[in-house]
Amino acid sequence: WEARKKIAILSFVVAVVILVINFLLPVYYKATTTLLPETEKNKLSALGQIADVAQLAGVNIPGSEIARLYPIIATSETILRNVLSKRYLTVAFPDSVNLIEYLGVEGPTPEHKMVAAMNELRNLTSIGLDSRTGVVTLYLEMREPQLAADVANSIIQELDSFMRRKRITNASEQLKWIDIRIKEVQNDLRAAEEALKTFRERNRKVMDSPQLALEQERLSRSVLAQSTIFVELRKQYELAKIEEIRNTSIVNVLDPARAPVEKERPKRLRNTVVMFLLTLVASSSYVALKSIYSGQMSSLLGSFGSRKET
């Protein structure tokens, strides 16, 4: 209590310094966009058929898990390179400018600048995934509110474009695989049909012999099995062809990014109040501990002096 004036002055000075520093720091605005996971309907219409075809090849691609890859893909080099190379309208530059120039990164070569810009953009980007609902939320900070929204939407557009290219590539690969498999099954089906035809030509009275009847049933099942596989492959082949030329969006955007109204940081009032309280507590604790330990030290020295005299 005796040092209250010094504590108050120190806390006030620190708060003023922090406030001045906060006014000197650049202002950042945060844009937010929300993505929905793939629903069952969208799985059937977009990626579900590709997953079914992949399952025929022994590959399991559950559509509900695709959204879990969005945080990784959105911050990948493939996506960020295109986002950084795009040109945006900004307040700081009279003409459109790419993010490498806007962020002002330095480097001896263009590739060094690109890598530095990607790292800085990753630091300005954060992506959250709700493991319970599968909803993905992307946050992006920029010094201009409209630029933050434009860059966030650009990331989502590149993500959707990447997913569509992957879908088309997968569909093309599945078409090749199914085409080869159809030819193999077609040959097996013809062989089974010829075997059944030859058996019937050689054995007119099949019902008189249980063994011949059993053999005919076996050959008929073989023809039926090969025919079922052939029909299914033809159906999957047509679905894959449709998927190959399909150009619809895959990423389901619930809320596109819009220019934020209020700044994200620095939070000047909060930072100032927090530092004022921290300084107040720290300086008070220091004075209290100093008083306690200085009193104990004086008692210890007095006791030591008395013992010496004795």
May I have the list of side-chain donor-acceptor pairs in residues 178-189 shorter than 3.5 Å, sequence neighbours left out?
residue, atom, partner, partner atom, Å
R181, NH1, E184, OE1, 3.2
N187, ND2, K183, O, 3.2

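- Applying the salt bridge (Lys or Arg N to Asp or Glu O under 4.0 Å) test to residues at least two apart or on different chains, the pairs with a partner in residues 14-34 are K30-E264.
- A search for side chain to side chain contact (heavy atoms under 4.5 Å, CB included) contacts involving L277 returns V273, not counting sequence neighbours.
- Residue pairs satisfying the side chain to side chain donor-acceptor pair (under 3.5 Å) criterion with at least one member in residues 218-227, sequence neighbours excluded, are listed as follows: E215-R218.
- Within the structure, salt bridge (Lys or Arg N to Asp or Glu O under 4.0 Å) contacts touching residues 118-147 (residues at least two apart or in different chains) are E141-R265.
- Every residue was checked against the side chain to side chain donor-acceptor pair (under 3.5 Å) condition with T198, not counting sequence neighbours, and none meets it.
- For L129, the side chain to side chain contact (heavy atoms under 4.5 Å, CB included) test picks out R68, P71, V136, with sequence neighbours left out.
- Pairs of residues two or more places apart, or lying in two chains, that qualify as salt bridge (Lys or Arg N to Asp or Glu O under 4.0 Å) and include a residue from residues 99-116 are R81-E111.
- Residues forming a salt bridge (Lys or Arg N to Asp or Glu O under 4.0 Å) with D150 (at least two apart in sequence, or on another chain): none.
- Residues in residues 194-203 take part in no salt bridge (Lys or Arg N to Asp or Glu O under 4.0 Å) pair, two or more places apart or across chains.
- F199 CZ: more than 12 foreign heavy atoms inside a 6.0 Å radius.
- With sequence neighbours left out, S284 forms a side chain to side chain contact (heavy atoms under 4.5 Å, CB included) with I7, L280.
- Applying the side chain to side chain donor-acceptor pair (under 3.5 Å) test to residues at least two apart or on different chains, the pairs with a partner in residues 270-282 are N22-N271.
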